Amino acid sequence: MPELPDVEGFRLLLESCASGRMIRHVDVRDPGVLHGIDARGLRDALVGRRFGTPRRHGKWLLARTGGPTLVLHFGMTGSLVCARTEDPVEAYDRVLFTLAGGRRLRFRDQRKLQGLWLAHDDSDVDRLLGRQGPDALAVDRTEFETLLAARRGHLKTALTDQSVLAGLGNLLADEILWRARLRPDRPARDLTEADRRRLYGEMRRTLRTSVSAGRVPPRDSWLTGRRDDHDPRCPRCGTALCRTRMAGRGTVWCPRCQPAA
DNA sequence: CAATGTGTTGAGGG
DNA sequence: TCCCTCAACACATT
């Protein structure tokens with residue numbers, strides 16, 4: 001389910017599980033998750049190194065080691081698990097990092113849509129992350145408003161475009177737009193000053209709550225908790241929710257709370 | 001069997 | 001150039 005809050009959760013997990021610990025073994029159980037390096041190359045580069053404090057940008061996680069940096073992206077189904085060395089390995093555990101102190105970090109991923117890279121230096125990291133916009137949790141209001149004003153397309157498309165703003169995925173974008181009472185198909189640059197300010201505020205509020213929960217909390221009062229219902233209704237007003245497709249992704253909104261401009 | 005899905009990238013078109 | 005949609009990647013679920 002990885003969007004920004006999930007990846008931030010993985011960052012904290014990596015930090016508490018692995019920071020300062022020596023990497024004793026690297027066991028690649030499925031090389032299909034490796035990009036630009038093979039199992040032997042990964043092992044040779046990392047064994048004997050020590051994980052430092054991990055960083056995150058958008059949905060990317062950067063695990064520094066003092067030498068090369070392990071770069072992780074979780075796609076739609078990836079996750080990170082911290083366990084003891086002797087704990088049983090599960091079906092989709094693709095890479096195992098055995099650490100000093102009897103711990104083992106596992107990169108788990110069912111669909112293998114993204115995976116692991118190894119960056120040799122900072123310019124390598126920059127190249128891998130491509131043209132990412134500012135992190136959604138770090139961007140300030142002025143910059144956020146400037147970004148939106150410069151966009152010609154739809155609001156939701158702008159929010160989920162990682163080169164505009166890094167970190168928001170399909171569910172979070174719908175959630176934030178619903179809270180800000182803005183239709184996803186509003187032209188991004190046509191928002192009023194008040195709209196933009198409200199959108200920024202709701203983005204921050206939604207992210208803050210999700211990050212402390214480690215994910216988008218599918219509570220009753222959240223749109224996200226309703227989107228897969230048989231007869232999805234707005235948690236605020238009870239109106240039947242609308243569903244369309246935008247940029248190939250399922251998009252849910254309330255026709256009453258999010259009226260046309 | 002067909003459609004769907006929380007990720008990204010690249011191709012093709014307006 | 002900007003932006004849109006679709007296919008592809010792999011796999012489970014409806």
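Every value quoted in this text rests on a predicted model; they were computed, and no experiment measured them.
- Between A:Phe107 and A:Phe97, a ring centre-to-centre spacing not shorter than 6.0 Å is recorded.
- Contact check of residues 154-171 of chain A against DNA chain B (heavy atom, cut-off under 4.0 Å) returns A:Gln162, A:Gly169, A:Asn170, A:Leu171.
- An OP1 or OP2 oxygen of C:dC3 is reached within less than 4.0 angstrom by a side-chain nitrogen or oxygen of A:Arg151.
- Contact annotation for A:Gly153: backbone-only contact, meaning every heavy-atom pair under 4.0 Å involves sugar-phosphate atoms and none involves a base.
- Within the 4.0 Å cut-off from OP1 or OP2 of B:dG7, at least one side-chain nitrogen or oxygen of A:Arg249 is found.
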Dot-bracket for DNA chain B, 5' to 3', Watson-Crick and G-U pairs with both distances under 3.5 Å, [ ] for crossing pairs, | for partner on another strand, reads .||||.||||||||

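- Here A:Arg243 reaches the OP1 or OP2 of B:dG5: one of its side-chain N or O atoms lies under 4.0 Å away.
- Cluster partners of A:Leu12, using a side-chain heavy-atom cutoff of under 4.5 Å among ILVMFWY residues and allowing indirect links: none.
- Classified by interplanar angle (parallel below 30°, tilted 30° to 60°, perpendicular above 60°), the ring pair A:His35/A:Trp117 is parallel.
- Taking only side-chain nitrogens and oxygens, A:Lys112 comes nearer than 4.0 Å to OP1 or OP2 of C:dC11.
- In this structure, A:Tyr92 reaches the sugar-phosphate backbone alone: every heavy-atom distance under 4.0 Å involves primed, P, OP1 or OP2 atoms, never a base.
- In the set B:dT8, B:dG5, C:dT5, B:dT8 carries the atom at the smallest distance from any side-chain atom of A:His73.
- A donor-acceptor contact closer than 3.5 angstrom is absent between the side chains of A:Thr206 and A:Glu175.
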